[in-house]
Amino acid sequence: MKITDIKYKMYKWPRPKPITNGLYTYTHNLLSIVVVETDYPEITGIGISGNLEVSPNVGESICEHFKKFLVGIDPLDNERIWREMWRPKLVGRRGITTRIISGIDIALWDIKAKLAKIPLYKLLGGFTNKVDTYIAGGYYEEGKGLNELYEEMIENVKLGAKAVKIKVGAAPINHDIERVKICREAIGPDVKLMLDANNAYKHYEAIEFARKAEKYDIFWFEEPVEPDDYIGQREITRSTSIPIAAGENEYTRYGFRDLINHRAVDILQPDALIMGGITEFMKVVALAQSNDLDIAPHGAQEVHIHLVSAISNGLILEYYRDTVNPMHGKIWKNELEIKNGQVLAPDRPGIGLEPKWDTLEPYSIK
Ligand code: MG
């Protein structure tokens with residue numbers, strides 16, 4: 001089997017209203033698809049790259065660079081291909097290039113599982129076929145007050161969520177605590193509540209916030225500070241009873257090794273679309289297992305459902321609904337659904353990502 005071509009496609013669509021988290025405002029949604037074609041006409045790998053907030057030319061030219069030595073190689077040789085792509089002196093140790101490597105690597109695993117005619121989670125370990133899931137949302141929006149936040153949480157519970165996450169860090173601490181309080185009232189005592197600051201706090205602010213939030217029974221407090229501030233994260237972890245989670249801005253097994261070695265967090269949140277693909281993700285899984293740490297991947301439910309289902313230390317799956325992505329339910333054939341707080345792993349061969357190309361086409365950017 002041989003790789004014959006690699007294509008990069010980027011799509012962008014507007015949000016009805018910008019959404020804001022602790023540090024960033026999003027006016028649009030982005031989707032970067034990597035297609036790896038093979039000499040088996042019926043087997044094409046579909047991967048997704050972590051979003052690049054830059055011109056699609058950047059993604060395309062990085063793919064072109066990799067294509068020079070990937071065309072003609074067996075797509076099943078993912079270890080060799082990863083090593084070939086990840087030459088730190090040429091492509092850098094982290095950042096955009098690693099996001100493209102991730103997209104290509106995910107497509108390779110799609111090929112592998114399609115060839116084996118089994119779903120990816122079975123190929124990777126098949127620990128379970130059903131995983132606990134949380135709905136992530138609770139963003140700041142213009143005109144969205146406590147009442148609207150309350151209604152959003154009620155809606156999440158009606159959709160079957162047994163766990164929900166909201167954003168914090170963009171408002172004064174005491175106002176955010178009010179937001180946390182209203183969410184706990186909306187969801188009741190039995191639904192898990194997570195808080196995500198998206199790196200907005202200094203470590204001493206995060207400690208103050210965590211202490212004030214403790215009485216609302218918080219399942220985890222995510223990315224309180226800058227991702228490289230391992231020591232700050234460790235101080236927060238040691239000063240609150242709330243578990244601390246992070247990892248969506250971490251790259252490769254080396255980044256997670258450092259996060260773990262600093263005893264910085266309680267829960268690891270790798271994103272296979274960002275940190276190096278599935279080849280690298282599974283190495284982080286093993287590293288986490290050898291430290292008795294759980295994995296709760298960041299975003300991209302369509303890919304991460306397989307990874308959480310495959311492993312013994314998969315804690316919970318993040319799920320974005322239409323509040324985060326206005327095209328939710330319209331992009332992929334076979335969208336994942338939450339039932340009774342859980343998502344069922346797809347039983348189709350491969351990852352099961354089938355883009356609706358015609359729907360996406362008007363949003364293609366060049
Ligand atoms: Mg987050």
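Each ligand, and each atom within it, is numbered from 1 in the order the structure gives. In this text, all values refer to a predicted model and were calculated from it rather than measured experimentally.
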Report task. Carefully, step by step, assess K167 and E222 under the rule salt bridge (Lys or Arg N to Asp or Glu O under 4.0 Å). Result -> CA-CA 9 Å; K167 298 301 184 181; E222 177 172 330; 5.4 Å; no
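Nearest to the Mg ion (ligand 1), among the N, O or S atoms that D196 has, is OD2.
K12 and N29 share no donor-acceptor pair across their side chains, judged by distance under 3.5 Å alone. A donor atom on one side chain and an acceptor atom on the other are not found under 3.5 Å apart for S49 and S32.
Here the angle centred on the Mg ion (ligand 1), running from OE1 of E248 over to OE2 of E222, is 100°, rounded to 10°.
Both the sub-6.0 Å distance and the 45° axial angle are satisfied by K192 relative to the ring of F219.
When distances to the Mg ion (ligand 1) are checked against a cut-off of 2.8 Å, E223 contributes no N, O or S atom below that limit.
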